[in-house]
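What follows is a single structure, written as structure tokens, with notes after it.
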Protein chains: 2
Amino acid sequence: MARKTPAAAVSGSTPKDQEKGRTSRLPSVQSATKDLFRREIESPTIQRLLIAAVDCFWKSGFHASSTRDIAKKANLSPAAVYVHFKSKEDLLFRIIQIVAGDVLRQIQETAAMDGDPRIRLWRIVQASVALPARVYKAATVVNTEFAVLSPAQRKYVMQIRDALDDIVESCLKEGCAAGQFQIDDLPVTKTAIVALCRSVLTWYSPRGSLSPEDLGAAYGDLVIRMVKAD
Amino acid sequence: MARKTPAAAVSGSTPKDQEKGRTSRLPSVQSATKDLFRREIESPTIQRLLIAAVDCFWKSGFHASSTRDIAKKANLSPAAVYVHFKSKEDLLFRIIQIVAGDVLRQIQETAAMDGDPRIRLWRIVQASVALPARVYKAATVVNTEFAVLSPAQRKYVMQIRDALDDIVESCLKEGCAAGQFQIDDLPVTKTAIVALCRSVLTWYSPRGSLSPEDLGAAYGDLVIRMVKAD
DNA sequence: GTCTATACCGCGATAGAC
DNA sequence: GTCTATCGCGGTATAGAC
């Protein structure tokens, strides 16, 4: 964690944490996904299955991952998967629901914070990079395996994507209305910003030198320039 | 084709075309991939197989596309595929070789054009958006099915990606050296620009209002702002 | 080079004992 | 809720006639 104030202010540190002298209260990238599932799911067996499935789907993709692989990685027999999930698709969708829901909620919280459009846009971008990167394997699965889902399931994901789009769009509009942003083509700019944030997952590795939060901060700076708001 | 000079100058129009009063000599997005394969491959049967495979892989992904599906779409029996390709992976790799090679070649030509770093960066970005978008289904397959490839095949693709990275990087360095760009973190900026261009394929549809070339032009403008070169 | 027929395998999912 | 055993389907790839 090289950066100080802005990243720390957005990433969830509380004054209390800082009093204690902690530099970060975030879980490591390695454990963030586990922590998320532990928070959302009671049964330890299901937690293990979800984690195993994320690992398999991330490494090989949904169709190349067999239920046998997943079961083995979760220390279960192949049949045990079907006690907890009605199909492999169901397992995928549960992962997507949990991960996408959690990320959306946190970005909504970020967007609801006070601040002028420049600060808010910077924070939204920072969060849109940092939060998925923290759970990068799971978030990659969410972005990658969209085609596998049923129409109803796709609709669910699309609503979440639309909500994120709207957050960025309304922030851009505010900034334009306040005369703080200069944007040529608002729909293109909005789409570019959202896709830019998402694209981090196509190359991100936790072995890189920047933490998810620092990376998000750097992207926040880039986006601020894109809307000519310096 | 709404834009005039810059996009037209880069997208391959010749003075002769313009004399004739054509607004564009580009193939339609629908036929660009076919044209590419027709240019690179002699056998019409193999052309049909490649086109069918691109369609299947794009729609469902590599593992969810069966060789039966591909053969049927190419009006062949399932067995006929194996006369021309030794495996389904081989078919995929041939697609990737042709598409990635062609795009790289054209971007290299773009990068070799004269102009100061600002013009060159704009053109490189424009081409990096427009060229893949013209063959968007095939280019999406190239970006999406990387995990399927063998180590040797992956290395081939990685060399192409590195070459594209280097083109952007050296242009950014030039611009910084010339005092025309102001960049905080060069590696992050380079990665962001490349990923931004690639991310267009995650949402692009030929039904959108902007042509690939106009979209590339808009992205060129955005990137010029990212490096503070206006 | 194309076809029909088929070998062979591994997948998702289920049955039934414990 | 977990296991072992297994069903049945559909996949990739091949054999052999034309």
Side-chain angles (χ1 to χ4, degrees), chain A residues 37-38 40-96 141 144-153, chain B residues 37-38 40-96 141 144-153:
Chain A
F37 289 139
R38 276 198 264 262
E40 303 272 343
I41 301 287
E42 287 190 49
S43 153
T45 307
I46 299 180
Q47 290 170 12
R48 267 171 25 236
L49 274 169
L50 292 169
I51 292 164
V54 163
D55 242 68
C56 290
F57 295 161
W58 176 77
K59 203 176 296 171
S60 318
F62 176 83
H63 289 292
S65 303
S66 72
T67 53
R68 286 165 164 79
D69 295 338
I70 296 166
K72 177 179 272 183
K73 191 165 274 192
N75 275 16
L76 287 170
S77 73
V81 174
Y82 294 88
V83 175
H84 305 285
F85 301 94
K86 73 176 212 297
S87 67
K88 200 170 77 160
E89 280 80 5
D90 184 37
L91 177 45
L92 172 64
F93 186 57
R94 285 293 293 142
I95 292 168
I96 291 180
V141 170
T144 303
E145 305 296 352
F146 183 74
V148 175
L149 300 176
S150 73
Q153 291 171 336
Chain B
F37 289 138
R38 276 198 264 261
E40 302 272 344
I41 301 288
E42 288 190 50
S43 155
T45 307
I46 298 181
Q47 290 170 12
R48 268 170 26 236
L49 273 169
L50 291 169
I51 293 164
V54 163
D55 241 67
C56 290
F57 293 161
W58 176 76
K59 203 176 296 172
S60 319
F62 176 83
H63 283 112
S65 304
S66 71
T67 52
R68 284 164 163 73
D69 295 339
I70 296 166
K72 176 178 273 182
K73 191 164 275 189
N75 275 16
L76 287 170
S77 73
V81 175
Y82 294 89
V83 175
H84 305 284
F85 300 94
K86 74 175 214 296
S87 68
K88 199 170 77 161
E89 279 80 8
D90 184 37
L91 178 45
L92 171 65
F93 186 57
R94 284 295 292 142
I95 293 167
I96 292 180
V141 170
T144 303
E145 305 297 353
F146 183 75
V148 175
L149 301 176
S150 72
Q153 291 171 334

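Each chain gets a letter, A, B and so on, in the order the sequences are listed, and its residues count up from 1. This one's a predicted model, so the numbers in the text were calculated from it and none came from an experiment.
- The main-chain N or O of A:Ala74 is found under 3.5 Å from a side-chain atom of A:Arg48 such that the two form a donor-acceptor pair.
- Phosphate contact (OP1/OP2 of C:dT14, side-chain N/O of A:Tyr82, threshold under 4.0 Å): absent.
- Summarising the geometry, the separation between CG on B:Asn75 and C1' on C:dG1 is reported as 15 Å, rounded to the nearest angstrom.
- The phosphate of C:dA13 has neither OP1 nor OP2 within less than 4.0 Å of any side-chain N or O from A:Thr67.
- Map A:Ala80 and A:Arg68 each onto its nearest nucleotide of DNA chain D; the residue landing nearer the 5' end is A:Ala80.
- Residue A:Lys88 contributes atom NZ, which lies 14 Å from atom P of C:dT14 at whole-angstrom precision.
- For A:His84, a side-chain nitrogen or oxygen approaches OP1 or OP2 of D:dT2 to under 4.0 Å.
- Closest to the side chain of B:Leu76, from the set D:dA13, C:dC3, D:dG1, is C:dC3.
- In this structure, A:Ser66 reaches the sugar-phosphate backbone alone: every heavy-atom distance under 4.0 Å involves primed, P, OP1 or OP2 atoms, never a base.
- When the C1' atom of C:dG12 is taken as reference, atom CG of A:Leu49 falls 15 Å away, rounded to whole Å.
- With hydrogens and angles disregarded, a donor-acceptor distance shorter than 3.5 Å links the side chain of B:Gln47 to the backbone of B:Ile41.
- Sparse packing is recorded around CZ of A:Arg94, with 12 or fewer heavy atoms of other residues, nucleotides or ligands lying under 6.0 Å away.
- If you measure from atom NE2 of B:His63 to atom C1' of D:dG11, you get 11 Å, rounded to the nearest angstrom.
- Per the geometry, CZ belonging to A:Arg48 stands 13 Å off P belonging to D:dG1, to the nearest Å.
- Taking only side-chain atoms of B:Thr45, from C-beta outward, the nucleotide of C:dT2, D:dT6, C:dC3 with the closest atom is C:dT2.
- Among the atoms of the strands shown, only primed sugar atoms or phosphate atoms (P, OP1, OP2) are found under 4.0 Å from some heavy atom of B:Ser65.
- Residue A:Ala79 is classed as a base contact, given a heavy-atom separation below 4.0 Å to a base.
- For B:Glu89, taking side-chain heavy atoms from C-beta onward, the closest of the listed nucleotides C:dA13, D:dA13, D:dC3 is D:dA13.
- Nearest approach of A:Leu91 to A:Leu49, heavy atoms of both residues: CD1-O, 4.4 Å.
- Comparing A:Asp69 and A:Lys86 along DNA chain C, the residue whose closest nucleotide (by nearest heavy atom) sits nearer the 5' end is A:Asp69.
- As rounded to whole Å, 13 Å separates atom P of D:dG10 from atom NZ of B:Lys72.
- Between the side chains of B:Ser87 and B:Asp90, no donor-acceptor pair is found at a separation under 3.5 Å.
- Rounded to a whole Å, the CZ atom of A:Phe85 is 12 Å from the P atom of D:dG1.
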